[in-house]
Amino acid sequence: MSPAKTGQPDRRQELMVTPPVSVLELDDMLTRLRLTAIRDQLDNLLEEAARKELNLREALAWMLAAEIARKDQRRIAMAMSIAKFPFVRTLEGFEYEAQPSLDPGQIRELATCRWVANGDTLLLLGPPGVGKTHLAVALGREAVSKGYTVQYVSAMELISTLARAHNQTALESRLSQYGKSKLLIIDELGYLPLEPDAAHLFFQLISRRYERGSVLITSNRPVMEWGEVFGDQVVATAILDRLLHHSHVLTVRGDSYRLREKRRSGLIKTSSAVSTIPATGKEGSP
Ligand code: ADP
Ligand code: MG
């Protein structure tokens with residue numbers, strides 16, 4: 001029914017003819033629309049738009065870009081805290097010269113996060129101190145900044161959480177919690193002996209994520225030894241069968257970055273030559 005027929009004023013017309021708008025009114029409208037970046041910087045944005053002689057359409061686009069930038073920044077900050085990375089490590093902070101067994105081109109390709117989009121697995125294998133956790137965190141951060149949900153957990157914490165949940169018949173909810181994110185990073189598998197149920201719990205988790213979400217695992221043990229790591233060769237094979245189906249495997253055989261300084265000062269000897277195994281999904285001899 002038209003406004004004339006209802007006797008109501010035309011709301012659309014009213015909205016179009018309200019200037020001058022008070023600062024408070026404008027502030028309220030921007031708050032209601034949750035355009036808080038525009039609200040907080042309104043004077044600066046308007047001054048800058050006038051200085052740049054932007055037309056109305058350009059000025060609107062420019063202000064909305066400021067709003068989107070802040071929303072993206074907040075979303076990323078929130079997603080980083082949800083990911084629970086143990087510390088900040090970035091790809092920019094990674095020295096390739098210190099780790100010649102890694103191909104920077106391959107890391108750059110992984111940094112595009114196509115493997116995350118495809119739900120692939122990434123295994124980072126190698127001895128302690130070669131930068132596996134550094135790369136895992138840095139690639140996780142890349143994934144967050146590209147809009148993917150990421151969760152970081154150490155292998156020990158993951159298994160003990162699942163084992164506890166299993167005892168309390170809360171396994172299902174824990175599994176779905178670890179199944180939610182697009183990328184699950186499981187760090188340092190193989191350093192410490194796992195609980196007796198570990199293989200079965202891990203298998204359930206990997207099965208659940210299989211072809212749905214990505215998994216990044218770092219380990220100091222080659223996959224051939226995962227039977228020993230899990231204490232169950234049959235289940236370890238089933239886990240690897242799924243993990244290696246769509247996978248990238250980086251094996252780092254360099255020297256420990258942690259011990260680099262000590263080695264430089266001659267306190268300890270240099271380890272044997274560095275070598276690379278291409279990402280074939282197959283492991284070489286240790
Ligand atoms: P890993 O997980 O393989 O045991 P980390 O990633 O924990 O090794 O590396 C040990 C320390 O050395 C970390 O502080 C990490 O940031 C640093 N590090 C390792 N490799 C590099 C590198 N190539 N460039 C810069 N820092 C590195
Ligand atoms: Mg590590």
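What's counted below: heavy atoms across the whole structure, side chains too, no hydrogens, waters or symmetry copies. Order of listing sets the numbers, starting from 1, for every ligand and every atom in it. Note that this is a predicted model, so its numbers are computed, not measured.
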So is Phe94 polar-close to ligand 1, meaning N/O to N/O under 3.5 Å?
no

Residue, atom and distance of the protein heavy atom nearest atom 23 (N) of ligand 1 read Glu95 O, 2.9 Å

Atom CD1 in Ile217, atom CG in Leu243: separation rounded to 0.5 Å?
4.5 Å

Using a strict 4.0 Å threshold on nitrogen-to-oxygen distance, state whether Lys52 and Glu47 make a salt bridge.
no

Closest approach of any protein heavy atom to atom 6 (O) of ligand 1, naming residue and atom:
His134 N, 2.8 Å

Given the rule that I, L, V, M, F, W and Y join up when any side-chain heavy atoms are under 4.5 Å apart, are Ile185 and Ile82 in one cluster?
no

Please confirm whether Arg89 makes a cation-pi placement over Phe87, using NZ or CZ under 6.0 Å from the six-membered ring centre and within 45° of the ring normal.
yes

Donor-acceptor pair, Lys182 side chain versus Gly147 backbone, under 3.5 Å?
no

Closest non-hydrogen protein atom to atom 11 (C) of ligand 1, residue and atom name please, with distance?
Arg258 CG, 4.0 Å

Under 4.0 Å to a heavy atom of Gly93 - the qualifying atoms of ligand 1, by number
24 (N), 25 (C)

Whether Thr133 has an N, O or S atom under 2.8 Å from the Mg ion (ligand 2)
yes

Atoms of ligand 1 close to Pro128 [distance to a heavy atom under 4.0 angstrom, numbered from 1]
4 (O)

Strictly below 4.0 Å, N to O, side chains only: are Asp40 and Arg70 in salt-bridge contact?
yes

Looking at Arg39 and Asp28, would you say the former's side chain and the latter's main chain have a donor-acceptor pair under 3.5 Å?
no

Looking only at protein heavy atoms, identify the closest one to atom 17 (C) of ligand 1 and say how far it is in Å.
Tyr257 CD2, 3.4 Å

Polar atom proximity, Lys132 to ligand 1 (N or O, under 3.5 Å)
yes

For the Mg ion (ligand 2), the closest N/O/S atom belonging to Glu188:
OE2

Please determine whether any non-hydrogen atom of Val130 lies less than 4.0 Å from an atom of ligand 1.
yes

So between Ala136, Gly254, Gly129, whose heavy atom ends up nearest atom 1 (P) of ligand 1?
Gly129

Looking only at distances, please establish whether an N/O atom of ligand 1 is found under 3.5 Å from an N/O atom of Arg89.
yes

Should Glu228 and Arg221 count as an ion pair when the cut-off is N to O under 4.0 Å?
yes

Within 4.0 Å of some non-hydrogen atom of Gly131, the atoms of ligand 1 are 1 (P), 3 (O), 5 (P), 6 (O), 8 (O), 9 (O), 19 (C), 20 (N)

Side chains of Leu184 and Val153: does their closest heavy-atom pair fall under 4.5 Å?
yes

